[in-house]
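Within every chain, numbering begins at 1; the chains are lettered A, B, ... in the order of the sequence lines, protein sequences first and strands thereafter.
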Amino acid sequence: MTPPPTAPARAPRYWLMKSEPDECSIDDALAAPGATVPWTGVRNYQARNFMRDDMQVGDGVLFYHSSCAEPGIAGIARVASGTRPDPTQFDPASPYHDPKSPPEQPRWLLLDVQALRKTRLLPLPELRSHPELADLRVLQKGSRLSITPVDAAHWHRIVALLGEG
DNA sequence: GCCAACGTTGGC
DNA sequence: GCCAACGTTGGC
């Protein structure tokens, strides 16, 4: 078997990405040039590895507001680039500064996320009210991961709940 | 502000 | 490699 001349496009994957609206809300993302923001500040190896190994341009993103008065899904976005080093890790003035990250081998990565549209807010309690979403990662007890994979079935259900299905 | 859950660090 | 201590996350 010879490999195909171009890599076959894999099925799109889906992700939930948490953002504190005080730092970057869905409105902030939509207002950015090209509605695209560099996803800075990921400082967790599992989340970094998702970006590096599993996320591809075009993947669907549920834009989630966390650490705020009304946590929940606030918009739809897409992965808009591959990964590159997150410059904030080398900035002593940044809260994301990591003095232990070797510049010749950066520890932390980011990718671009393009906001597609703001949706109604789908609050956490409403997500929890749907039994078919019970194993959504963000609903698990103690779930702190800022980037989590979302099953296609969950994605389609949530998009429908957002009134876009 | 509280606190449960989690990830990381570092002594051994 | 173990594991206690610590710092952080994030809903409430």
Length of the line joining [X]:[atom1] and [N]:[atom2], which is rounded to integer Å:
{"X": "A/Arg144", "N": "C/dC6", "atom1": "CZ", "atom2": "C1'", "value": "12 Å"}
{"X": "A/Asp98", "N": "C/dT8", "atom1": "CG", "atom2": "C1'", "value": "15 Å"}
{"X": "A/His65", "N": "C/dC12", "atom1": "NE2", "atom2": "C1'", "value": "19 Å"}
{"X": "A/Gln140", "N": "B/dG7", "atom1": "CD", "atom2": "C1'", "value": "18 Å"}
{"X": "A/Asn49", "N": "B/dG7", "atom1": "CG", "atom2": "P", "value": "13 Å"}
{"X": "A/Lys141", "N": "B/dC3", "atom1": "NZ", "atom2": "C1'", "value": "12 Å"}
{"X": "A/Leu127", "N": "C/dG10", "atom1": "CG", "atom2": "P", "value": "15 Å"}
{"X": "A/Asp22", "N": "C/dG10", "atom1": "CG", "atom2": "P", "value": "13 Å"}

Sub-3.5 Å donor-acceptor pair from the side chain of [X] to the main-chain atoms of [Y], do we have one?
{"X": "A/Arg43", "Y": "A/Trp108", "value": "no"}
{"X": "A/Ser101", "Y": "A/Arg107", "value": "yes"}
{"X": "A/Gln140", "Y": "A/Leu136", "value": "yes"}
{"X": "A/His65", "Y": "A/Ile26", "value": "yes"}

Among C/dC12, B/dG7, B/dG10, the one nearest any side-chain atom of A/Lys100 is B/dG10

Looking only at C/dT8, C/dG11, B/dT8, the nucleotide nearest the A/Ser66 side chain is C/dG11

Considering just the side-chain nitrogens and oxygens of A/Tyr64, establish if one lies under 4.0 Å of OP1 or OP2 belonging to C/dG11. yes

